[in-house]
There are 2 protein chains.
Amino acid sequence: MSRLDATLALVATDSVSGNESALAGVVERSLRANPHLEVERIGDNVIARTTGFHSTRLLVAGHLDTVPGDPTLATLEADRLTGRGARDMTGSLAGILELASKQAPRSGEVTWVFYAREEIARAQSGLLEIGELRPDLLQADAAVLAEPTGGVVEAGCQGSLRVEVELHGLRAHTARPFTGLNALHRLGELLSRVASYEPREVVLDGVTYTEQLQAVGGEGGVAANVVPDYARCLLNHRVAPDRSRDQAESWLVDFLGEVLDDGDRVNVLDWAPSSPPALSNERLNALGALTRSPARGKVGWTDVATFRELGIAATNFGAGDPLLAHRSDEFITADELDQFATVLDEWLA
Amino acid sequence: MSRLDATLALVATDSVSGNESALAGVVERSLRANPHLEVERIGDNVIARTTGFHSTRLLVAGHLDTVPGDPTLATLEADRLTGRGARDMTGSLAGILELASKQAPRSGEVTWVFYAREEIARAQSGLLEIGELRPDLLQADAAVLAEPTGGVVEAGCQGSLRVEVELHGLRAHTARPFTGLNALHRLGELLSRVASYEPREVVLDGVTYTEQLQAVGGEGGVAANVVPDYARCLLNHRVAPDRSRDQAESWLVDFLGEVLDDGDRVNVLDWAPSSPPALSNERLNALGALTRSPARGKVGWTDVATFRELGIAATNFGAGDPLLAHRSDEFITADELDQFATVLDEWLA
């Protein structure tokens, strides 16, 4: 069976976040067929490990879930599979499953992790669930997370800070607005300030991180003839790994400062931690060399930050350009899957 | 009974919009006690007319309803009544009721109109209800609408145009916003453009109208990590009587033009028509002279526009500063009521 055929078999099983049970079953059965693996199922997560006598342990992880889509729409052409999750990240899962089942000489023990609920709120993550219930299963000297990276190492990940900004004004009749202060007009200033943001770039371990600041929500208004006295907006700030949450928040408050007044508020809603590139880790650096392409910094958030919290050096490496993930025409090619599986196999050898 | 006492009696009867029945009953009974008046009740509207042999007919109108408030909170001090509606416009109603009941020589026949539901959507207006069912009762050579004007003539009224502006963008991941176009950032530009608006002033019949443009609503946003592809905002444009709806709309589209793209839309939601000052009407001009203060242009919308649609020259003249209407501490003073009743009595004589 070709890697695209194997991917199709997985893509055809619906596994939208929260509904990974069937796919976890498929993966579990496939892994249990291998006597060299010790398999555990924790909820809808499946973990398989070799348990030989190497002192080193490598970990390869991928999430089972996809964003919503119709699995029956998957189509296979000669060298390309189109379908929900093909790129993020069922194609890479098929490759991982193949390598896990292969009984080959490895340079260390290997742990294979298939986890649930990555595409939704982090608190529901299957990886956190394993980390809570069986942290021992996640111990490793280096980890690869097979998020789509276009077949190159995308090191670390940026943090994600989500804040609400509340702006105040003074109510008035719209025929006499000079007796009030329009909070929506103030929101205009704030949004223009955000739009004027120039991304900061940081180089760490030789890879570049590009920060971002975007408005992701906004609202205000009282009635058709009333100058509104309140408006709010939601911002998402992508933060390079050299800044902590506090540093990012303090930079943001400072950046917005010129359009904020006394009484306005900046409320942090959410922080997803960043992870530095970890390319000083010899094994992760070696993975980069095997790809024959320069490593990049991961600008999105991924579970390498979760591995970092567990004290494990991790990086992103998976099949397919991440820019094409989550789209209705999401696809993966045979070449992309072959390159991914070949490099990963070499790395483990 | 002093005019403040009379006002208190009316203020104490709850008459929030849609609930004017009790107050209409009080007014109707009071008017029916006068043999010189012919009284009609149409729904919660009450109309009283003298039916002598003058060839001229003057009309005085006021609305029975108030914005929401607690009528039991009304308090009377020596020369000031505080309470919901005292200024807008129960105080003036008490004055009108007093003059209607007075059998005095008049320079023309007089029609007294007490109508329901002015403070809510225009389609529900009691004045429109009378105009539909009994337009004959509203015929007059000149009309005074007793909305609060601070005891001076506030001539005509401005139109009110309400539009929705829809802005488009392109969805993207917030870690890679350069692959999309943020519709909220575009909303910032639009709101800043609106905030930069410099009011246009127009002088008609010697009075000045000041136009306004205000954002009264806005919203946008898809998800916490998505560059939004859509945002909308609601604008309220107050339009001087020299511009039609079409002219106002075309000016607005032009004003916003520099921040609009192909595919954006400006949708007119609502238009309340304006009314020119009508101070060339000899009787309305005479009313201005009696106030001993220069007339002003009415910047808000009032039912003088409804009278204009009926072909009747009308103006605003009532007790109390309109800037203090609709506030929780709304009040009227004895002096304000006396000035109003005296001037109106002189005008009718």
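This structure is a prediction, so every number in the text was calculated from the model and none was measured. Order of the sequence lines sets the chain letters (A, B, ...), proteins ahead of strands, with each chain counted from 1.
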Note, Val216(A) side chain near Val222(B) side chain (heavy atom, < 4.5 Å) = no
Given the options Gln214(B), Arg238(B), Gln212(B), Thr174(A) meets side-chain hydrogen bond (donor to acceptor under 3.5 Å, both in side chains) only with Arg238(B)
Tightest non-hydrogen contact, residues Val299(B) and Ala175(A), listed as O-CB, 3.5 Å
Interface check, chain A: of Gly221(B), Gly218(B), Ser192(B), most non-hydrogen pairs under 4.5 Å belong to Gly218(B)
Counting heavy-atom pairs under 4.5 Å with chain A, the top scorer among Glu189(B), Arg176(B), Arg193(B) is Arg176(B)
Pick whichever of [options] has the most heavy-atom pairs under 4.5 Å with chain B.
options	result
Gln158(A), His237(A), Arg162(A)	Arg162(A)
Pro322(A), Ser160(A), Gly217(A)	Gly217(A)
Gly300(A), Ala224(A), Cys233(A)	Ala224(A)

Side chain / backbone / both / neither for [X] at chain B, heavy atoms under 4.5 Å:
X	answer
Leu184(A)	both
Ala223(A)	backbone
Leu213(A)	backbone

The interface call for Val226(B) against chain A, heavy-atom contacts under 4.5 Å, is backbone
The interface call for Asp270(B) against chain A, heavy-atom contacts under 4.5 Å, is neither
Counting distance only, does the side-chain N/O of His185(B) pair as donor-acceptor with the main-chain N or O of Ala215(A) below 3.5 Å? yes
